[in-house]
Visitor: 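Have a look at this one.
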Amino acid sequence: METEQKQLEPVDTIAPGGMLPPSGKETANLSQLPPAYEPEAQWRRVARRTTHFLEQLPEYISSFFQENQRSLINSALILTAIITLKVVIAILGAIHSIPLLSPSFELIGIGYFTWFSLRYFTKSETRQELTEKLRLLKQDIVGD
């Protein structure tokens, strides 16, 4: 089984002047193309809008902050509290991993609790003194 191969003949598509001859399909596309000056005008419109937006950006940001100031501050405080809590937990974990440091802190805490209990809870006068100190502390924090 032999297959016959046919030689393709080259087709000259270039006109004598060096340009392609216009066909019906190409001339239909030419009439639909926008004028050459329009992309430059569109570019200038985009550039003008961008520069206007960038000029107004500080005003947009300040008005956004003024409208949402309380929410932004609360969000920042919550985020700060979460980060602080994670750092404290990491520090306590590191302290707990040191062999003799953790038991010594426990002994110090037990000793302070014992002293505090004997100092302020055994007598009536010292309980009143503690109550007065707590009332003054509350007044300093909360106000009058």
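This chain uses plain numbering: 1 for the first residue, then up along the sequence. No experiment lies behind these values; they were computed from the predicted model shown.
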Visitor: Is any side-chain heavy atom of Glu129 less than 4.5 Å from a side-chain heavy atom of Lys123?
Guide: no

Visitor: When rounded to the nearest 0.5 angstrom, what distance separates OG1 in Thr50 from CD in Glu55?
Guide: 11.0 Å

Visitor: Quick check for you: to the nearest 0.5 Å, what is the distance between Asn68 atom CG and Ile73 atom CD1?
Guide: 11.0 Å

Visitor: Considering only heavy atoms from C-beta outward, does the side chain of Ser104 approach that of Leu101 to under 4.5 Å?
Guide: yes

Visitor: Check the pair Leu130, Phe116 against side-chain contact (heavy atoms from CB on, under 4.5 Å), reporting the backbone distance first and the verdict last.
Guide: CA-CA 10 Å; Leu130 179 62; Phe116 187 84; 4.0 Å; yes

Visitor: Just checking Leu79: does its CG atom have more than 12 heavy atoms from other residues, nucleotides or ligands closer to it than 6.0 angstrom?
Guide: yes

Visitor: List the atom of Phe64, the atom of Leu72, and the distance in Å for their closest heavy-atom pair.
Guide: CE2-CD1, 4.2 Å

Visitor: Answer with yes or no whether the hydrophobic clustering places Ile108 together with Leu92; edges join I, L, V, M, F, W, Y residues whose side-chain heavy atoms lie under 4.5 Å apart.
Guide: no

Visitor: Same hydrophobic cluster for Ile98 and Leu107, using side-chain heavy-atom links shorter than 4.5 Å among ILVMFWY?
Guide: no

Visitor: Working to the nearest 0.5 angstrom, can you tell me the gap between Arg135 CZ and Gln128 CD?
Guide: 12.5 Å

Visitor: Mind checking the CG-CD1 spacing from Asn74 to Ile78? Nearest 0.5 Å is all I need.
Guide: 6.0 Å

Visitor: Quick check: is Leu136 connected to Val142 through a chain of hydrophobic side chains (ILVMFWY, heavy atoms under 4.5 Å apart)?
Guide: no

Visitor: Can you hop from Leu134 to Trp115 via hydrophobic side chains spaced under 4.5 Å?
Guide: yes

Visitor: Is any side-chain heavy atom of Gln69 closer than 4.5 Å to one of Gln66?
Guide: no

Visitor: Measure the spacing between CD of Gln56 and CD1 of Ile61 and express it to the nearest 0.5 Å.
Guide: 11.5 Å

Visitor: For Tyr112, look at atom OH and say whether over 12 heavy atoms of other residues, nucleotides or ligands are found less than 6.0 Å away.
Guide: no

Visitor: How far does OH of Tyr120 sit from OG1 of Thr131, to the nearest 0.5 angstrom?
Guide: 11.0 Å

